[in-house]
Amino acid sequence: MQTLTLKQKTHSHGWFILINSIIAMAIATRYFTFLPEIPTDILGLSFLLSGTFSQMVLLASIVGLVAFPALFIKNKKLRYGSQALVASLGLAVLFIDTFVFAQYRFHINAVVLELVLSGQVVSFPLTTWLMVIGVVITLVVSQYVLIAWLESPAALTQYKLGRKFAIITFFTLLSTHGIHIWAAANAYRPVTTVKRYLPVFYPATSTSMMKKYGWIDAEAIARQDSMKMSHKSDLSYPLNPLQKEVVDKPINIMFLVIDSWRADTFNAENTPNMWEYAQSGVIFNNHIATGNATRTGIFGLFYGIPGTYWHAFLANQKSPLLIDRLQELDYEMGIFAAAQLEKPEFNQTVFKNIPNLRIKSEGNWPSELDKDLTKDWLEWYSKRDTSKPAFSFLFYDAPHGYDFPKDYPHRYEPMLDEINYLKLNNDSDPTLFLNRYKTSVSFVDSVAKQVLDKLKETGDLANTLVIITGDHGQEINDNRQNFWGHNSNFTKPQVNVPFAIFGPKINGQMLDWAENDLTSHQDVVPTLMKNYLGVTNDIKDYSVGEDLLSKSVERNWIISSSYSGYAIIEKESILEIGATGQYQLLDKTNRPIKDAQLNYQHLQEALDQISRFSK
């Protein structure tokens, strides 16, 4: 059999890249289905088409370059296998990225991989992993057959299309970057908002050159720049040193927090135990978490400021003033979380100064972790120094993983046997998904009952301020846009969480705030500092929230954030802003509002909040 020369193998490999470029383009069309609407203007449509073509060719070429050393392998089967494996992994990652983007509207990156592997974004069942492995194996076999056919040699390879394809690619690249240079200099959103729909896509900008020739909308650019998320590490927190008065008898304080908890599942039927205890206090129905993900939701709960400050506080490893004040008052600190506290890095931020921090719970499943943290808290609470006040943080995880023990009796049927995200689409029945979710919430209610009952049995309930809430919500395709989970938008299912507060000084009849008033996690810190921990400063010195025990404040908007952006949530709209300042004005179902005008007063007030504590 004739041995191919390196030139012949390179020629076949070029066709291999070309065909995989076309396959990648076909896969990339899945991203288009998530666009609010396909651009109809010539610039937007041209950018979408040329950008997709050139980007997929570029990605396929990079994968082909990685596989190129395989051409020097003399054994044909080993050579084909190496080329097929590299190409298959590239296509598989692209294909899986379309599923990630479908549910979260962001692409696979190092941070996402880290969070997925640690179970912080979503936990995948075995069947999902088996499906992924099956897809990769199928791709490898198909790619092996393809490269073997191309080297046979196939009749197709006799056509000299390489130069023509390269010319087309060159002009699409030129068109893509040229359009984006102009669009970026003029904040032309039909183009600048499209770019986030393609993975690893960084089209060129040249603001200085465009400014030199006067081809720039300076006002629009300045407005966009002002909305960027700041990653400055210099902090001014608090703005002024805390002024304190003596607290004669500090009360016990408990945060009972449930990961991924929807507000509509906190009720007498689904969570009877927590609901019954909450009746002695106040339940706020319109409570917005400071984030649609754990990092920003917990951050805002403990710091009383927007989650946009996360990076700066992590860089400085700055603990929250709330924790500092509790320790100053000699509180016994009981931190009990189901999921580990290292990703996100709460051990370097929120709980930085907690000695002998309990990093994680023991168990193989979220429900086992929840049982373990409850057991450990009960043991800690029984052995604590009762001469000191106690602060407890219990962070349950079962609803995040839709998990509950196999023998748990209070089930909602019919339900999914397991959550396989690769099988979910916009036509999937949400009822089966929701029933499993509600069962997991019900399970947490059953273990939380042990905690609350312990307070009652010891006589400590009357002297304990209890806050029951979630770190963020959980969407189950409520808006019919194929969102299953969190950290993907700022609609009610993802940011509206339960919030109940009961204990000393909490009297619903005397409270000026009404149960349907707009409240936020940002309100927790100032409420505690002013009414229980003896801090007399103006709240603005250390928080952007309000005191829920003082006179109510009429709010027209609230801020919430994600891993890569933030949103100004108003009564009728959501202004979603990316890390670079690009924005979309959306309705309450996450759909674009056409010809809508920004409320610049609310925007300016929000910009003050996200910059107030930066130097």
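Predicted, not measured: the structure shown is a model, and the values here were computed from it. The first residue of the sequence shown is numbered 1, and numbering continues consecutively from there. Side chains included, hydrogens not; waters and symmetry mates left out as well; all remaining heavy atoms used.
- Remark: side-chain polar atoms of Gln340 are paired, donor with acceptor, to backbone N or O of Glu342 under 3.5 angstrom.
- In this structure, the ring of Phe393 has its center no less than 6.0 angstrom from the ring center of Phe391.
- Not a single donor-acceptor pair under 3.5 Å links the side chain of Asn496 to the backbone N or O of Asn286.
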Could you walk me through whether Asp264 and Arg262 pass the salt bridge (Lys or Arg N to Asp or Glu O under 4.0 Å) test, one step at a time?
CA-CA 5 Å; Asp264 58 5; Arg262 293 169 59 103; 2.8 Å; yes
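- Between Phe299 and Phe313, the gap from one ring centroid to the other is short of 6.0 Å.
- Of the possible polar contacts, one joining the Thr439 side chain to the Tyr412 backbone as a donor-acceptor pair under 3.5 Å is found.
- Both the sub-6.0 Å distance and the 45° axial angle are not jointly satisfied by Lys318 relative to the ring of Tyr237.
- Under 3.5 Å, the side chains of Ser392 and Trp377 contain a donor-acceptor pair of N or O atoms.
- Here the side chain of Asn292 pairs no donor or acceptor atom with the backbone of Phe490 at under 3.5 angstrom.
- With respect to Asp587 and Arg591, no salt bridge is recorded, no charged nitrogen being found less than 4.0 Å from a carboxylate O.
- Counting heavy atoms from C-beta on, the side chains of Ile305 and Tyr542 never come closer than 4.5 Å.
- With hydrogens and angles ignored, the 3.5 Å screen pairs a side-chain donor or acceptor of Tyr309 with a backbone N or O of Ser611.
- Using modelled atom types and a 3.5 Å distance limit, the side chains of His287 and Asp523 yield no donor-acceptor pair.
- A donor-acceptor pair under 3.5 Å is formed between the side chain of Thr290 and the backbone N or O of Gly297.
- Ring to ring, Phe302 and Phe255 are close: their centroids are under 6.0 angstrom apart.
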Just do the side-chain contact (heavy atoms from CB on, under 4.5 Å) check on Phe351 and Ser319 with the steps written out, would you?
CA-CA 7 Å; Phe351 307 119; Ser319 66; over 6 Å; no
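- Of the N and O atoms on the side chains of Gln584 and Glu576, not one donor lies less than 3.5 Å from an acceptor on the other residue.
- A perpendicular orientation is assigned to the rings of Trp261 and Phe266, their planes being inclined by more than 60° (bins at 30° and 60°).
- Using a 3.5 Å distance cut-off with no hydrogens or angles, the side chains of Trp557 and Glu605 do pair a donor with an acceptor.
- Across Tyr402, Tyr396, Phe404, Tyr408, a single residue satisfies ring-ring contact (aromatic ring centres under 6.0 Å, His included) together with Phe443, and that is Tyr408.
- Taking the ring centroids of Phe99 and Phe95, they lie under the 6.0 Å cut-off.
- Counting heavy atoms from C-beta on, the side chains of Asp397 and His400 come closer than 4.5 Å.
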